[in-house]
Amino acid sequence: VVPIDDAVEISRAMAATHFVYDRTSPELIAFELDMSNRTLLLQFSEAIQVLSLRPKHVVLAGTSDDTDLQPVRLTTSTVLPAQNLPDVTILLSEADFNSIAVR
């Protein structure tokens, strides 16, 4: 939302004359698993299209030292509605939360 004082009048707005396609894919740079709120925050290197994120493609795994831990693939969790930002929050479903909690 742009404050009225900062908005450009539509009659004075100019169309873009050049567009450079972004060929760099966003990278996951950090994450935070919050078991109390049952959320997984994903932080990317740049804004992503939130609607393109599919939780079923997210796999949580331990480090290479954690040989006893099996990876957990999210199955029925959902992305919380948001603007296209670098930070995305996934709300863990009951099934996914339980899969993580038993590990």
Side-chain angles (χ1 to χ4, degrees):
V1 175
V2 177
I4 300 270
D5 296 341
D6 296 336
V8 175
E9 292 178 37
I10 292 176
S11 62
R12 298 182 67 190
M14 297 176 62
T17 58
H18 186 70
F19 174 77
V20 177
Y21 181 76
D22 181 2
R23 292 189 169 102
T24 305
S25 297
E27 294 181 16
L28 181 65
I29 56 174
F31 68 93
E32 181 179 321
L33 178 61
D34 184 338
M35 295 298 279
S36 297
N37 289 320
R38 298 184 178 202
T39 58
L40 175 63
L41 173 67
L42 304 176
Q43 296 177 318
F44 292 91
S45 58
E46 61 182 84
I48 68 164
Q49 293 178 332
V50 175
L51 295 178
S52 70
L53 182 68
R54 303 287 183 256
K56 67 181 180 180
H57 295 287
V58 174
V59 178
L60 303 178
T63 64
S64 59
D65 296 338
D66 296 331
T67 55
D68 294 340
L69 293 177
Q70 295 298 315
V72 175
R73 178 180 296 277
L74 301 184
T75 58
T76 54
S77 294
T78 56
V79 177
L80 292 179
Q83 299 294 324
N84 294 333
L85 300 171
D87 297 350
V88 178
T89 301
I90 295 176
L91 180 62
L92 298 173
S93 67
E94 188 74 23
D96 291 340
F97 174 80
N98 289 337
S99 293
I100 297 166
V102 297
R103 302 220 174 344

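The analysis underlying the following values was restricted to heavy atoms, covering all of them including side chains, and did not include hydrogens, waters or symmetry mates.
Across all their heavy atoms, R38 and F97 have their closest contact at NH2-CE2, 3.3 Å. Listed here is the closest heavy atom pair of A47 and P26: O-CG, 4.3 Å.
Linking Ile, Leu, Val, Met, Phe, Trp and Tyr residues whenever their side-chain heavy atoms come within less than 4.5 Å places F31 and V58 in a single cluster. Linking Ile, Leu, Val, Met, Phe, Trp and Tyr whenever their side-chain heavy atoms come within less than 4.5 Å puts L28 and L33 in one cluster. In terms of hydrophobic clustering, with Ile, Leu, Val, Met, Phe, Trp and Tyr side chains grouped at heavy-atom distances under 4.5 Å, I100 and L40 are assigned to a common cluster. Clustering ILVMFWY residues whenever any of their side-chain heavy atoms sit less than 4.5 angstrom apart, transitively, puts L60 in the very cluster that holds L53.
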Identify every side-chain donor-acceptor pair in residues 78-89 under 3.5 Å, counting partners at least two apart or on other chains, and give the distances.
{"residue": "N84", "atom": "OD1", "partner": "V50", "partner atom": "N", "Å": "3.0"}

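Applying the side-chain contact (heavy atoms from CB on, under 4.5 Å) test to T24 and every residue at least two apart in sequence or in another chain returns D22, E46. Remark: S77 engages P55, L74, I90, L92, S93, D96 in a side-chain contact (heavy atoms from CB on, under 4.5 Å) (not counting sequence neighbours). Applying the side-chain contact (heavy atoms from CB on, under 4.5 Å) test to N98 and every residue at least two apart in sequence or in another chain returns E94. Not counting sequence neighbours, the partners of R23 by the side-chain contact (heavy atoms from CB on, under 4.5 Å) test are Y21.
For residues 25-34, no pair satisfies salt bridge (Lys or Arg N to Asp or Glu O under 4.0 Å), with sequence neighbours left out.
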